[in-house]
Each structure stands twice: as C-alpha cells, then as structure tokens.
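Letters A, B, ... are given to chains in the order of the sequence lines, protein chains preceding strands, and every chain is numbered from 1.
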2 protein chains.
Amino acid sequence: MSSTDPAPGLRERNRVRRMRRVERAALELALDRGVDHVTVDMICEASDISPRTYFNYFGSKEGALLGMGNAPHAQADVDTFVAARGHIVEDLLHMVARSFLASDPDREVYVMRRRLFAKEPELQGLQLARIAGRRQAMTRIVEERLAVERPELTEVERGDEAQLVVAVVTGAFPIAGRVWLELEDPGAEIDAAISEVMARVRRIASP
Amino acid sequence: MSSTDPAPGLRERNRVRRMRRVERAALELALDRGVDHVTVDMICEASDISPRTYFNYFGSKEGALLGMGNAPHAQADVDTFVAARGHIVEDLLHMVARSFLASDPDREVYVMRRRLFAKEPELQGLQLARIAGRRQAMTRIVEERLAVERPELTEVERGDEAQLVVAVVTGAFPIAGRVWLELEDPGAEIDAAISEVMARVRRIASP
DNA sequence: CGAGAACTTGCAGATACTGCAAGAATGCGG
DNA sequence: CCGCATTCTTGCAGTATCTGCAAGTTCTCG
C-alpha cells in the first residue's frame, strides 16, 4: 500500500489521473469564485465526471479542496519513530514529513491550496477536522513509544503527554511546510526546515 | 457583551434557557442513538422549537452538540494577557480558562459532551473546526503581545511563534479541563490544573 | 399603553449526500 | 482473442442540511 507498488495497473493510473484533474478543477473554481459559490455539480462539469463518482472519490464537497487525509503511515516509518530516541517532537515531525513526501505531493496543487487557505480561513478548520483521524492514530503511536521510553509514567500521564506532543507537531508541521516551500530545492531539504522549526519550538517552552 | 451584564432581560433569559434545553435534548438523543441517527427535526421535536430557530441558534446540526464556539474573549482578559510577562503559554491558558468559566459552563452538560466525544471521535474533528475561528483570534492576540515583548522578531517569525503557542495551548487546554473535572471543587481550582499541565508542557520541549 | 425593535416561525427551494442496481471498463485464465 | 469475474462509474430516487424571505409574535422602552 506504499508508494512503491511495482505495477500500478491501468485502473489505478486512470484513477489517479482523474483525481488530480478533479482536484485542479475544484481548486481553480474555488480560487476564482469562492468556495461557497462553487457547487459539486460545477466541479463535476468542469472535470467531466459524474457527481456520484465525485463523492465516491472525495466523500464531501471540500474533499477535493483539502486533499489526502486518509492514507495511514507506512509501518516502516512508524517502527523507525517508535525505536528512535531523539527529541520526540523532532522524530515525529520527521515521520510526518516522510509520509507527506511519500504521497508525491504536487507542488503546484500545494501552492494553490495554500493560496486558497489564505483566502478562506474557514477551510483551515475543515482541514483540522479532516486530519483528526490522523491525530488519533499519531497519538496511539506516540503512546507506544512512550511506553518503552518512559515506563515511569502512568497510563493517563502517557496519554496526556502523547496528546501534547501531537498538538505541537500538528502545529509545527504547517510551518515547516511553508519553510520547505520557500526553499527552491525539493527533496531532502525538508530536514532543514524541520530543524529550523524545532529551534522555535524549543524557544517557546524554555523560559 | 461580557458575562457581567447587569440586567440580562427577559428576552436574553428565555434565549439562554431555550438553548440549554435544546443542547440537553440533542446530547441525550445523540448519546442514545448515535449522532448520525439523529436528525435536526428530532432534536427540535424533543425540545419544542422550530427547525428554523434551531439553525438561527446553532448554525449547524452539530452546533448544539459542540457548544459555545463563537463568543469572543472579553477585552479585559485580552489586555491582561497582552500586558502580562509570565510564561506566554501559561498566561494564554489562563486567558482561555477565564473565558471558559465566564460562559458559566454547565458541569453536567460538559460531562455529557465528554461522554459523547469518547463515543464518537469524529466529533472531536468537528470541534477543532468549530474553534478554528477562535484559534485565529488567539493567534492575533499572541502576535500583539509578541510585538511588544520580543521586538527583535521579524513579522514572519512572530506569526510562526504565535501559531506554535496557540497550537500548544489548544492541545493543553482539554487536558487541563479534564484535570479540572476530576477535582470536586469548582471555581478557582482551575489554576491548579493549569499549573499541573504546564509542568508537562515544559517537560516535553526541554530535553 | 403604543411604537418600534428583535425574535420565532413557516414555507419554498437549493445543495449536499447516500443506497441501489444497471451498465461499462478492466483484469485474468484459458 | 474470448469469456468470466471483479471492480468501478453512473443515473436515479430519495433524504437531510441549510438559507432567504416575509409574516406573525414577543419583548423593550419611552
């Protein structure tokens, strides 16, 4: 289920191509006229797809605007994080970043999305709702690591600490994303962005 | 607009009473049958209100389940926070807590809400979406304080730092809320809960 | 008490979303 | 290349959410 499937097959390729087409159409329409002056029917007409299929793909009107929300983390990345012993926030940021890059993000779509978010801040709320499931999954993963790393904590304390770590990471990741965007060089440079953001995180809690 | 209005007036009192009645009915129904087997019409019938009025009050089906999302912070509390020079996260937690207590939270409804959230985690996502507006407002307030407290930061850095602070606080507040709930004594005890949570926040970023 | 403001309600309608079943595209073994 | 099974797309019909408007009702205040 990772991004390294050997033969995607025609069916899968068509699917991806169609989804991208719909996403683009939706973003263009939303940027042009504003989200709530766009209907699902418009998006479907613009991308030549049936409304029923639209919902099969994205589940909700905003689905095409928000993009990837459901793909779980690769087990290998999870294991790496659980076994790592660096700063837990930084390690988790790396896991999330790896997951993000694995989805083969389309830089152009990403930029459109950012512009749209700036234009209609309510979408950020929906984005948060969309990734709520991921937050829960992440919380469980962090708890797993804490169980071996800090066995002195009670179960409740572990849960609290995990929640806090996840909150910090979900707050910090978009910032790292922006920093990453400003660097021209794609790929490994995201590590630099993470280090930079980590420094800011440290500064906040220290004094 | 604060909670210290001298004479609420009959109109306002009716309004509050009715909203509470609707909230209770909605929570009971949702706990009983599950959120998506409850319709707005059911809630309205159970609480003897017209659907149109329901939407005037709560704006969305889930509004009655999630509770207060829109009331802005009292200007006095904001000023206090901006002028304070303690740990910025702790100060902001206090501001949020004051705002929360000012809404005169009904402990029983609060408990029902927590039970419902535990039963249907997707609601937590919607909750995040609902308070997204508050988060933005909080971010601006934090930026305001940072502008005077740390003038050496660039505008972008200020924005980033504010975002991080808000992320930490919105992550930490529910935990403080739970701790507060477990204390029998209502009222000022929320300060103790905040101190306790702050210690955990510090522990996370330090090593 | 009476004028005016604020609120509730019903109605009509647009839009979002879902289940179902038929039809089309694709994968696969012969 | 041909059927057969599988999976996906689509249309249809129906339900639920949400909104604007205008009329009726309740409250406020002088």
Would you kindly give the [atom1]-to-[atom2] distance between [X] and [N], to the nearest whole Å?
X	N	atom1	atom2	result
A:Tyr54	C:dA16	OH	C1'	11 Å
A:Ile49	C:dA25	CD1	P	15 Å
A:Glu62	C:dA16	CD	P	9 Å
B:Arg15	C:dT9	CZ	C1'	16 Å
B:Asp36	D:dT15	CG	P	18 Å
B:Asp48	C:dG10	CG	C1'	15 Å
A:Phe58	C:dT18	CZ	P	15 Å
B:His37	C:dC17	NE2	P	18 Å

Taking B:Glu23 first and then B:Arg113, would you say they form a salt bridge - that is, a charged N and a carboxylate O separated by under 4.0 Å?
yes

Could B:Arg18 and B:Asp48 be called an ion pair, given the rule that one side-chain N must be under 4.0 Å from one carboxylate O?
no

Using a cut-off of 4.0 Å on non-hydrogen atoms, how would the nucleic acid contact of [X] be classed: base, sugar-phosphate, or nothing?
X	result
B:Thr53	base
B:Arg13	nothing
A:Tyr57	sugar-phosphate

Residues in side-chain contact (heavy atoms from CB on, under 4.5 Å) contact with A:Arg24, at least two apart in sequence or another chain:
A:Asp106, A:Glu108, A:Val109

Taking the minimum atom-to-atom distance to the side chain of [X], which one of [options] wins?
X	options	value
B:Ser60	D:dC18, C:dA16, D:dT10	D:dC18
B:Phe55	C:dT9, C:dT18, D:dC18	D:dC18
A:Lys61	C:dA16, D:dT9, D:dC18	C:dA16

For residues 167-179 of chain B, tabulate all N or O donor-acceptor pairs below 3.5 Å that involve a side-chain atom, not counting sequence neighbours.
residue	atom	partner	partner atom	Å
B:Thr170	OG1	B:Arg135	NH1	3.2
B:Thr170	OG1	B:Val166	O	2.9
B:Thr170	OG1	B:Ala167	O	3.1
B:Arg178	NH1	B:Glu182	OE2	3.1
B:Arg178	NH2	A:Asp160	OD1	2.7
B:Arg178	NH2	A:Asp160	OD2	2.6

Can you pull out how bent the helix from C:dC1-D:dG30 to C:dG30-D:dC1 is, comparing the axes over its first five and last five pairs, to 10°?
30°

Give a yes or no answer on whether the side chain of A:Tyr54 reaches the backbone of A:Ser60 with a donor-acceptor pair at less than 3.5 Å.
yes

Is it true that a side-chain atom of A:Glu120 and a backbone atom of A:Val35 form a donor plus acceptor pair closer than 3.5 Å?
yes

Does anything in residues 72-83 of chain B form a side chain to side chain donor-acceptor pair (under 3.5 Å)? List the pairs, not counting sequence neighbours.
B:His73-B:Ser99, B:Gln75-B:Asp79

Can you list everything that forms a ring pair (Phe, Tyr, Trp, His ring centres under 6.0 Å) with B:Tyr110? Sequence neighbours excluded, please.
B:Phe100

What one-letter contact string describes nucleotides 21-30 of chain D from 5' to 3', where B marks a base within less than 4.0 Å of any protein heavy atom, S marks contact via sugar-phosphate atoms alone, and - marks no contact?
B----BBS--

Does NZ or CZ of B:Arg114 fall inside the cone over B:Trp180's six-membered ring, less than 6.0 Å from its centre and within 45° of the axis?
no

